[in-house]
Amino acid sequence: MWQKILSYIPDWTIFMQAGFCLLIPIAFIALINKLRAVFKGIEGKNGDGGTSGDVQAVDKNDPPLPADYENNRSAIKEAIGSNCDVHFRDFEIAALQKRATLIYVDGMIAEEHIDTQVMQAFMSAAEPDAKHGLKAQAPDDFSAYLIKNMLPASEVTEETGLISLNEAILNGYTALLVEGMPHALLVGAPDGKTRSISEPISEGLVRGPRTGFSEQLSDNTAILRRQGRTEQLEMKKYVVGNFVKRDLVLAYMKDIVNPELLREVEKRIDKIDLDFIAESGYVEQLIEDDILSPFQQAQNTERLDRVMSALMDGRIAILLDGTPFALIVPVTFSMLLQSPEDYYERWIGGSLLRLLRFVAAFLALMAPSLYISFISFHPGLIPTDLAITIIQARQRVPFPSLIEILILEVSIEILREAAIRLPRPIGPAMGIVGGLIIGEAAVQAGIVSPFLVIVVSVTAVASFSIPMYSTGITLRILRFAGMFFAAALGILGTILFFLFMSSHLTRLKSFGVPYVTPISPFRIRDWKDLFIRAPLNLMKRKPQMMKTIRRKSRTH
């Protein structure tokens, strides 16, 4: 009888396995929460001394220019230092009998513009003015007289602070000092030698505009203004970087954007505290919600049309001087798998292409994990004929499936990086050589099986179909994590990994917007632009998740 009773008790190893599976997520979540608390503490300490406070301190300590012309000139020379590219051009305004100096950085100004609109204007000044005289005018009116009567430049401002003047000179402005004038005039004449507007390299389209951003911030704001010809488009300028300063612009539609979202973005921009902001990727990492998450929480793009569509949805664009990549916040996971081309084609074709991208993303993430699970733990789930074929093909392979797939995946990643970094004429040759080695030589040598080559190739091709390069990197990282889960626990580990990732995604937010909305939280109205793209007539309402002021008349 006892034997019969004991036979109904399950094997204790099942309880051990179940307990082990339960402990893994608990330990992982506890570790993540601990690390998140530690990083928040570090951010809080760093946030006490923000950039805005430093800028204010700098403004308070900005000494005024000396009243004397010679002292002004000497003070600027001393402050700028021994820079060979900073030119001091002395001349005399003969008609007014005044000494003057132009100060500018070689290569950062349009010298023809300065020659024709400043030098020529001063050196051929009208004689009658000499009679009425700047001599008779008070020093405070001196600059106003120059701006109104003698300087035909469109952008002229007064500057009284020594530090601000030096920063303006180093940023491409031309400073004008005139004898008797207690401050300097800044003439805007930026150099026109910039990269021309071209098609975005990282986001190619078959159908759509070819306009992409460039490294010049003024060019980017100009083409954005040209594309969005409405008084609703507002741009706010910030200066970021404690040591090397760079201009940053927030762009949004004032009657559409959620004011709370705008305040949150401004607050995070103000807290940026770093000596040098080299690229918008720095900004992205400094203002994101969760620094431990592998998923990007701001969308980077070179495409002008993508930015305009985001602004019309109530999102905010961040443009940084020196980079063609703009940031869009907030972002959801579905946005990373969408392409502007979805809206340019008819809705049926656009929807099918979008669904294909979702399938490709799933394959890019899960295909190797499923392969390991089925081959190593559950071969019975594979059709018998196919299982026999795979087993026969793997008979010569000496490695377990995890090692076998790691060899191929790491090789593919190395080849991909090498193809990107190599000069363009050599890149295709590298791809051919790598393909021959991995595809044929490795199989003949018995290192990998032919079926695995097919799996890895499908995975690689699927990852190429993802529109955002940064999203592809995220999936590549998670793919390796999924492979280890699958190698440890089989299909159970694969499901566990998927649940981990889903749990993290449901908790993740981007500037207060849930990352996987409208799936969670469920918003049925926003499903019209999720897996499929509904006809444009049905998409007049803006996304509910954005909580915009204006809800209707959505356009792409």
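From a predicted model like this one, the values you see are computed outputs, not experimental measurements.
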Using residues 256-263 as the side-chain source, report each donor-acceptor pair under 3.5 Å to any protein atom, sequence neighbours left out, with the distance given to one decimal.
{"from": "Asn258", "atom 1": "OD1", "to": "Glu260", "atom 2": "N", "distance (Å)": "3.2"}

* Is it possible for you to check whether Arg268 lies under 6.0 Å from the centre of the six-membered ring of Phe511, through NZ or CZ, and within 45° of that ring's axis? =>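 Yes, cation above the ring, under 6.0 Å and within 45°.
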
Please determine whether the number of non-hydrogen atoms from other residues, nucleotides or ligands lying under 6.0 Å from atom [atom1] of [X] exceeds 12.
X: Arg229; atom1: CZ; result: no
X: Glu417; atom1: CD; result: yes
X: Phe480; atom1: CZ; result: yes
X: Lys254; atom1: NZ; result: yes

Quick one: list whatever passes side chain to side chain donor-acceptor pair (under 3.5 Å) with [X], sequence neighbours left out.
X: Glu409; value: Arg479
X: Gln227; value: none
X: Asp342; value: Arg354, Arg357

* side-chain contact (heavy atoms from CB on, under 4.5 Å) assessment of Ile318 paired with Leu250 -> CA-CA 5 Å; Ile318 302 172; Leu250 292 186; 3.5 Å; yes

Going by heavy atoms in the side chains, are [X] and [Y] under 4.5 Å from each other?
X: Tyr104; Y: Asp85; result: no
X: Ile277; Y: Leu320; result: yes
X: Leu365; Y: Leu475; result: yes
X: Pro543; Y: Asp529; result: no

[X] [atom1] to [Y] [atom2] distance, which is reported to the nearest 0.5 Å:
X: Arg525; Y: Arg541; atom1: CZ; atom2: CZ; answer: 5.5 Å
X: Met545; Y: Arg315; atom1: CE; atom2: CZ; answer: 6.0 Å
X: Leu286; Y: Ile291; atom1: CG; atom2: CD1; answer: 10.0 Å
X: Ser510; Y: Ile287; atom1: OG; atom2: CD1; answer: 8.5 Å
X: Asn220; Y: Met235; atom1: CG; atom2: CE; answer: 9.5 Å
X: Thr459; Y: Ile412; atom1: OG1; atom2: CD1; answer: 9.5 Å

Taking all non-hydrogen atoms of both residues into account, name the closest pair between [X] and [Y] and its distance.
X: Ser369; Y: Gly482; answer: OG-C, 3.1 Å
X: Met253; Y: Leu311; answer: CG-O, 3.6 Å
X: Gly208; Y: Arg303; answer: C-NH2, 4.4 Å
X: Leu402; Y: Met483; answer: CD1-O, 4.0 Å
X: Ala278; Y: Arg246; answer: O-NH1, 2.9 Å
X: Pro294; Y: Leu478; answer: CG-CD2, 4.1 Å

* Out of Val240, Leu327, Asp321, Leu319, which one pairs with Leu248 under the side-chain contact (heavy atoms from CB on, under 4.5 Å) rule? -> Val240

* Asked: In this structure, which one of Gln285, Glu288, Lys509, Glu284 forms a side-chain contact (heavy atoms from CB on, under 4.5 Å) with Gln297?
  -> Glu288

* ring-ring contact (aromatic ring centres under 6.0 Å, His included) partners of Phe522, counting only residues at least two apart -> Trp527

* Asked: With Tyr252, which residues qualify under ring-ring contact (aromatic ring centres under 6.0 Å, His included), at least two apart?
  -> none

Can you tell me if [X] uses its side chain to pair, donor with acceptor, with the backbone of [Y] under 3.5 Å?
X: Arg346; Y: Pro535; value: no
X: Gln216; Y: Ser218; value: no
X: Ser502; Y: Phe498; value: yes
X: Lys542; Y: Met312; value: yes
X: Ser520; Y: Thr517; value: no

* Yes or no on side-chain contact (heavy atoms from CB on, under 4.5 Å) for Val156 and Tyr173, after CA distance, side-chain angles and deciding distance? -> CA-CA 10 Å; Val156 182; Tyr173 282 86; over 6 Å; no

* To do: For side-chain contact (heavy atoms from CB on, under 4.5 Å), just list the numbers for Ile328 and Thr301, CA-CA rounded to whole Å, side-chain angles, deciding distance to a tenth of an Å, and then say yes or no.
  => CA-CA 8 Å; Ile328 297 172; Thr301 179; 3.8 Å; yes

Quiz question: by atom type and distance under 3.5 Å, do the side chains of [X] and [Y] form a donor-acceptor pair?
X: Ser280; Y: Asn300; result: no
X: Gln544; Y: Asp526; result: no
X: Thr474; Y: Gln296; result: no

* Asked: What pairs meet the salt bridge (charged side-chain N to carboxylate O under 4.0 Å, His left out) rule with one or both residues in residues 510-519, with sequence neighbours excluded?
  -> none

* Asked: Phe500 and Phe485: aromatic ring centres closer than 6.0 Å?
  ->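 Centroid separation for Phe500 and Phe485: below 6.0 Å.
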
* For the pair Leu224 and Met308, evaluate side-chain contact (heavy atoms from CB on, under 4.5 Å) and give the outcome as yes or no after the intermediate values. => CA-CA 8 Å; Leu224 187 60; Met308 275 306 301; 3.7 Å; yes

* **Plane angle bin for Phe333 and Tyr515 - parallel if under 30°, tilted between 30 and 60°, otherwise perpendicular** =>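 Tilted.
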
N/O donor to acceptor pairs below 3.5 angstrom from side-chain atoms of residues 461-468, sequence neighbours left out:
{"from": "Ser463", "atom 1": "OG", "to": "Ala460", "atom 2": "O", "distance (Å)": "2.6"}
{"from": "Ser465", "atom 1": "OG", "to": "Ala462", "atom 2": "O", "distance (Å)": "2.6"}

Quick one: list whatever passes side-chain contact (heavy atoms from CB on, under 4.5 Å) with [X], sequence neighbours left out.
X: Ser202; result: Glu302, Phe325
X: Asn537; result: none
X: Glu159; result: Ser164, Leu165, Leu186
X: Ser334; result: Thr332, Gln338, Phe358, Leu530

* side chain to side chain donor-acceptor pair (under 3.5 Å) between Glu215 and Thr323: does it pass, once the steps are laid out? -> CA-CA 4 Å; Glu215 286 77 8; Thr323 174; over 6 Å; no

* **Salt bridge flag under 4.0 Å for residues Glu345 and Arg533** => no

